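Worth knowing before you read on, the calculation uses all heavy atoms, side chains too, and leaves out hydrogens, waters and symmetry mates. The structure displayed is predicted, hence computed values, not measured ones.
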Amino acid sequence: MLPIDAAAHSSRWRRRHPCEKAVLGFGLTLCAVCLPPWPGAVLVAAATLAVLLGPAGVPGRQLWRAFRIPLGFCVTGAIPLLFEVGGARGLVALAPDGPVHAGELLLRTSSASLGVLLFAFTTPVSDLLPRLVRAGVPAPVVDVALVMYRISFLLLDSISKIRQAQAARLGLTTRAATWRSLAGLGATAFVRAFDRAQRLQTGLAGRGYDGTLRVLVPEAAVSGRFLASTAGLLTGLVALTLVLERSLP
């Protein structure tokens, strides 16, 4: 199990309805995208971090380990805005407003990523996918997603064991040996993926699979107080952003 999935299963908000956490997480993401980068995105990021580290109880180290990957994509996407190509000042030159646009994009994307991580750190996929059928998503689509979710962890576990076996057999001692081990790892994982899929199909057929995977979903009621608090937080962020935007230079 990935660390973010383990954190979601042990979250303080695990028993809350996914709809509540979706409204909060994606509401913060929408505010980060729609509000001005300064000071809107900064306020949204601060509020999201406060919720993640406070009421949601996400450990700071786990949050940073998960956030640094999307943050890398955010930085990579902002760097090209620093330069202009084929302009009057040369083939490649620093754009006049490049730092401003790059900073604004970085603020928007990083704060929006925190909103998505809020939902991911508090909502296990196994609690979310079965409820999508009630929301109108076709059952076969949800079934395929559940199966792929399960197989992905099996394959990750197999890859980890193969990697450990290669290291124990000195398959990672030199660069050439590492490349050979990597090729063998890819080939073995490819074969095992088909083998796992075939075994899963055989198992489902033996259990009378009729096209729908029926799973038990933990009962959870939507809290009106939680939704009201979420609406108050989002409204407060929007109002504070508009006020600070007028008063700050």
Side-chain angles (χ1 to χ4, degrees), residues 2-5 7-9 11-14 16-81 100-129 131-132 135-137 142 145 149 220 222-245:
L2 296 177
I4 192 169
D5 291 279
H9 279 276
S11 172
R12 297 176 185 173
W13 288 355
R14 165 72 192 277
R16 289 194 172 276
H17 198 283
C19 180
E20 302 173 5
K21 295 173 282 188
V23 171
L24 176 59
F26 295 121
L28 289 169
T29 301
L30 184 63
C31 288
V33 173
C34 297
L35 292 177
W38 173 259
V42 177
L43 293 175
V44 171
T48 308
L49 284 174
V51 174
L52 278 165
L53 302 176
V58 178
R61 181 174 297 181
Q62 290 186 359
L63 176 60
W64 167 245
R65 290 182 62 184
F67 178 60
R68 62 187 180 182
I69 297 177
L71 180 62
F73 284 99
C74 296
V75 173
T76 303
I79 289 177
L81 297 181
V100 175
H101 293 316
E104 291 178 349
L105 178 63
L106 184 59
L107 286 175
R108 285 185 188 274
T109 53
S110 58
S111 58
S113 300
L114 286 173
V116 176
L117 286 177
L118 173 61
F119 181 72
F121 265 106
T122 56
T123 309
V125 177
S126 57
D127 290 351
L128 174 64
L129 289 178
R131 289 185 169 91
L132 293 180
V137 179
V142 176
Y149 178 71
V222 178
S223 173
R225 181 178 299 179
F226 187 92
L227 293 179
S229 301
T230 299
L233 174 62
L234 299 179
T235 303
L237 287 173
V238 173
L240 184 58
T241 299
L242 296 178
V243 171
L244 292 178
E245 186 183 16

Calculate, to the nearest 0.5 Å, the distance between atoms CG and SG belonging to Leu107 and Cys74 respectively. 10.0 Å
Using only atom types and a distance under 3.5 Å, with no angle test, would you say the side chain of Thr235 pairs donor to acceptor with the backbone of Gly232? no
Check: Phe73 and Thr109 side chains under 4.5 Å, non-hydrogen atoms: no
Checking Arg108 side chain against Leu35 main chain: does a donor-acceptor pair fall under 3.5 Å? yes
As an exercise, state the distance from CG of Leu106 to NE2 of His101, rounded to the nearest 0.5 Å. 14.5 Å
Contact between Leu52 and Thr122 at the side-chain level, heavy atoms closer than 4.5 Å - yes or no? no
Test side chain to side chain contact (heavy atoms under 4.5 Å, CB included) on Thr29 and Leu114; report intermediate values, then the result. CA-CA 8 Å; Thr29 301; Leu114 286 173; over 6 Å; no
Determine the minimum heavy-atom distance between Leu118 and Gly25, stating which atoms define it. CD2-CA, 4.0 Å
Determine yes or no for a side-chain-to-main-chain donor-acceptor pair under 3.5 angstrom, with Glu20 supplying the side chain and Ser223 the backbone. yes
Work out which heavy atom in Arg16 is nearest to a heavy atom in Lys21; give both atom names and the distance. O-NZ, 3.4 Å
Less than 6.0 angstrom separating the ring centers of Phe226 and Trp13, yes or no? yes
Mind listing the closest non-hydrogen atom pair of Cys31 and Val238 along with its distance? SG-CG2, 4.3 Å
Return the minimal non-hydrogen interatomic distance between Thr48 and Gly115, and the atom names on each side. CG2-N, 3.9 Å
Nearest 0.5 Å please: distance from the CH2 atom of Trp64 over to the CD1 atom of Ile69. 10.5 Å
With the side chain counted from C-beta on, respond yes when Leu234 and Leu28 share a heavy-atom pair under 4.5 Å apart, and no when they do not. yes
Side chain Arg68, main chain Leu63, donor-acceptor under 3.5 Å: no
Taking the side chain as every heavy atom from C-beta outward, state whether Phe121 and Ser11 have any atom pair closer than 4.5 Å. no
Where do Ser113 and Pro70 come nearest, in terms of heavy atoms and distance? OG-CB, 4.0 Å
How about Leu81 and Val100: do any of their side-chain heavy atoms sit closer than 4.5 Å? no
Check whether any side-chain heavy atom of Ser111 lies under 4.5 Å from a side-chain heavy atom of Val42, and answer yes or no. no
Check the pair Ile4 / Leu117 against side chain to side chain contact (heavy atoms under 4.5 Å, CB included), numbers first and verdict last. CA-CA 9 Å; Ile4 192 169; Leu117 286 177; 4.1 Å; yes
Mind listing the closest non-hydrogen atom pair of Val33 and Ala112 along with its distance? CG2-CB, 4.2 Å
